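Bear in mind that the values here come from a model prediction, so they are computed numbers and not experimental data.
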Number of protein chains: 2
Amino acid sequence: MRETTLRDVAELAGVSPRTVSNVVNGYAKVTDSTRAKVEAAIAELGYRPNVLARNLATGRSGQIVVVVPYLDTPYFAELLQAIIPAARKVGYNVLIDQTDGDRQHEGELIGRGSRRFLFDGMIISPLGLSQNDLSQRDPDLPLVVLGERVSDGTFDHVGIDDVAASTEAVSHLIAIGRRRIAAIGDQPYPTGEAAQLRTRGFRAAHEAAGLPVDESLIIGTARFNRIDGATAMAALLDRADPPDAVFCYSDLVASGAIHTALGRGLRVPEDIAVIGYDDIEDGRYSQPTISTISPDKKAIAQLAVDRLLLRIAGHAPIPGVELRAPHELIPRQSTLGY
Amino acid sequence: MRETTLRDVAELAGVSPRTVSNVVNGYAKVTDSTRAKVEAAIAELGYRPNVLARNLATGRSGQIVVVVPYLDTPYFAELLQAIIPAARKVGYNVLIDQTDGDRQHEGELIGRGSRRFLFDGMIISPLGLSQNDLSQRDPDLPLVVLGERVSDGTFDHVGIDDVAASTEAVSHLIAIGRRRIAAIGDQPYPTGEAAQLRTRGFRAAHEAAGLPVDESLIIGTARFNRIDGATAMAALLDRADPPDAVFCYSDLVASGAIHTALGRGLRVPEDIAVIGYDDIEDGRYSQPTISTISPDKKAIAQLAVDRLLLRIAGHAPIPGVELRAPHELIPRQSTLGY
DNA sequence: ATGAAAGCGCTAACAT
DNA sequence: ATGTTAGCGCTTTCAT
């Protein structure tokens, strides 16, 4: 049996399709009496508007896509959990894409591909793309970039102040008396800008405290996963002069690092203090609980969605802006011990 | 500037729209020479097919929706991570919806709402819906249900054999010499069928070993989160006769339970052994690592997608089936100690 | 406030 | 193998 269409409703109600459309969308004014007739017909026929047809007619899909490198990384999962309701509240469905941090995949998404028609705008947290790649995107695609990149002025960017946050984290380690502090997660290459900002904060905190930076204590990792943290920590502990504290560039890294330290019989934080970044739920339940930098994920989500809507609506080109969400230092057992 | 359409391409190539469509979709046979002409025109104009128009014309959206209660629950995140590539491989985009386990929200999704047009089929992991609710769904919606429910015969169901898996988990605890075993996560009410299957396995293992079940050691929880595990464990440890092992209905529950035990100075597994369920990544890095039941998530994803495609394609009604994915017992430190 | 009618860009049945 | 053409179901301009 065929789906009932707007035309069927119009016929039954004895009005034109135009009027039914008006009623359904609440557009123009409709007399109470005709509205009642139409609504009765809708109910009787069990009519539901065909979104596909509407999309074609309006040229909009009512969907936005959120692109993250990994869905099963808690930070991104939690961020999505915040973005979805924010988008839905303003009438948008959320499509989700994971890229595995693959540059080519990310590039295809922001390029002028056929999938473009599926979404009205995109929020992307790029990993493999360089600044340059980002500038090569489909110029008509409303775009908001998440994470630690500086915009080239043609798109918007939402993030926390990573340098400030990292400085706070390391200053906290200094404040509890640590002097040989390591950093795990640096990525000294073009696509590692996010990591580099944290390294900058690491240096800034040392400088502010008048402490020298031991460059050999800055450990690079390919990703921000537990395994990276575990491996890096092992390398640090193998040294003749291991650090007494570690600033990890994500909570997952911290989790892996702690795993290694405990496995070697060390006490955290007594022997080695650890602080992470992201404030994922795990960190509140692990043993010990993980001190961290907590980005305001709801604020990030809201800022990103609001800004994207603005871009979708705006016809004239809008200059790109940097939007900063708040963050907070949350000391827990892995630095305080209690 | 207007997007170039299929018609523009046809004109430039000097062929009919029909032929361009054939080339784009690889449908019928096209002469090599005309194909070349068309492809040249496509390249020259930078043509990309309008998916919205195609959707309307075909009546299919090329999207499936996956509905989970919580996106930031690692188990679901990992499952999605498996489903998305499986669906993409067969040409489907994946929409994601989180329901917060809300019965009404879940009900709207499987009902005959307007969003129906946005997806060709649905994979849902219900939490709040009763068997009865599921039967009230839009009969035209191709549906695959994940998790521990028995189908009413009108839809498909993919899961592991929970009773068997739970039996294995508890038998493992018995095998390592534990005799007072608790269970955390029971939900003795209509929507708690998933939990009840695990409780059934808990009993079966006792019976197989000739051990009595201490009913007071079966602790109910509203959800399967860390906080639930932490709270339940506290209650167990407050008893005059605490258990020497705990079967937790999820790894998150186990994580919370271990957190409480360690916090009270107990050793895991020496003083109390803990086994979880789901095999989420956390469990492989926590301290101690968590013994668990590992459902084959890739198999679940593949089975679900394959079956959904079958339903989408099939015009005649197909009887609902029960599909079982493999699972595996993975002993780790929280029961073995090493 | 409502009606008539022309698209939106593609697919696919029908024709050659 | 390719062309012609009638929709898919809705929105929306132009009338009235």
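- Between the C1' atom of dT2(C) and the NZ atom of K37(A) lies a distance of 10 Å, rounded to the nearest Å.
- No contact: P17(A) has no heavy atom under 4.0 Å from any strand.
- Rounded to an integer number of Å, the gap from CG of L6(B) to P of dC10(C) is 5 Å.
- Panel note: side chain R116(A), backbone F119(A); a donor-acceptor pair is recorded below 3.5 Å.
- The base of dT13(D) is paired with the side chain of R18(A) by a donor and an acceptor separated by under 3.5 Å.
- With Q63(B) contributing its side chain and N93(B) its backbone, the two residues share no donor-acceptor pair below 3.5 Å.
- Across D140(A), D120(A), D306(A), D156(A), a single residue satisfies salt bridge (Lys or Arg N to Asp or Glu O under 4.0 Å) together with R311(A), and that is D156(A).
- At dT2(D), one or more side-chain N or O atoms of T34(B) fall inside 4.0 Å of OP1 or OP2 (strictly under the cut-off).
- With dC10(C), dC8(C), dA4(C) as the choices, the nucleotide that has an atom nearest any side-chain atom of A53(B) turns out to be dC10(C).
- A 6.0 Å sphere centred on CZ of R103(B) holds no more than 12 heavy atoms belonging to other residues, nucleotides or ligands.
- Of the side-chain N and O atoms in N25(A), one or more sit less than 4.0 angstrom from OP1 or OP2 of dT11(D).
- To the nearest angstrom, P of dC10(C) lies 11 Å from CZ of R48(B).
- Side-chain proximity of R7(A) to dC10(D), dG3(D), dT11(C): nearest is dC10(D).
- The CD atom of E11(A) sits 14 Å away from the P atom of dG9(D) (whole-angstrom rounding).
- Atom P of nucleotide dC8(D) and atom CG of N55(A) are separated by 18 Å, given to the nearest angstrom.
- Of all heavy-atom pairs spanning P295(A) and I300(A), the tightest one is CB-CD1, 4.1 Å.
- Within the nucleic acid shown, V15(B) comes within 4.0 Å of sugar-phosphate atoms alone, with no base atom in reach, counting heavy atoms only.
- With dC10(D), dT2(D), dC10(C) as the choices, the nucleotide that has an atom nearest any side-chain atom of V30(B) turns out to be dT2(D).
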### Query
Can you check side-chain contact (heavy atoms from CB on, under 4.5 Å) on D138(A) and R48(B), steps first, answer last?
CA-CA 13 Å; D138(A) 181 346; R48(B) 49 183 176 182; 3.2 Å; yes
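- Between dT11(C) and S21(B), a contact under 4.0 Å exists linking OP1 or OP2 to a side-chain N or O.
- Within the structure, a side-chain polar atom (N or O) of R54(A) is placed less than 4.0 Å from OP1 or OP2 of dT11(D).
- Spacing between atom CZ of R60(B) and atom C1' of dT11(C) amounts to 12 Å, rounded to whole angstrom units.
- Closest to the side chain of N50(A), from the set dT2(D), dC10(D), dT11(C), is dC10(D).
- In this entry the distance linking CG of L52(A) with P of dC8(D) reads 14 Å, nearest Å.
- Of the candidate nucleotides dT2(C), dT11(D), dG9(D), dT2(C) has the atom lying nearest to any side-chain atom of T31(A).
- With rounding to whole Å, Y47(A) atom OH is found 7 Å from dG9(D) atom C1'.
- Dashed line: the shortest gap from a side-chain N or O of T19(A) to OP1 or OP2 of dA1(C) is not under 4.0 Å.
- Between T5(B) and dG9(C) there is no side-chain polar atom (N or O) within less than 4.0 angstrom of OP1 or OP2.
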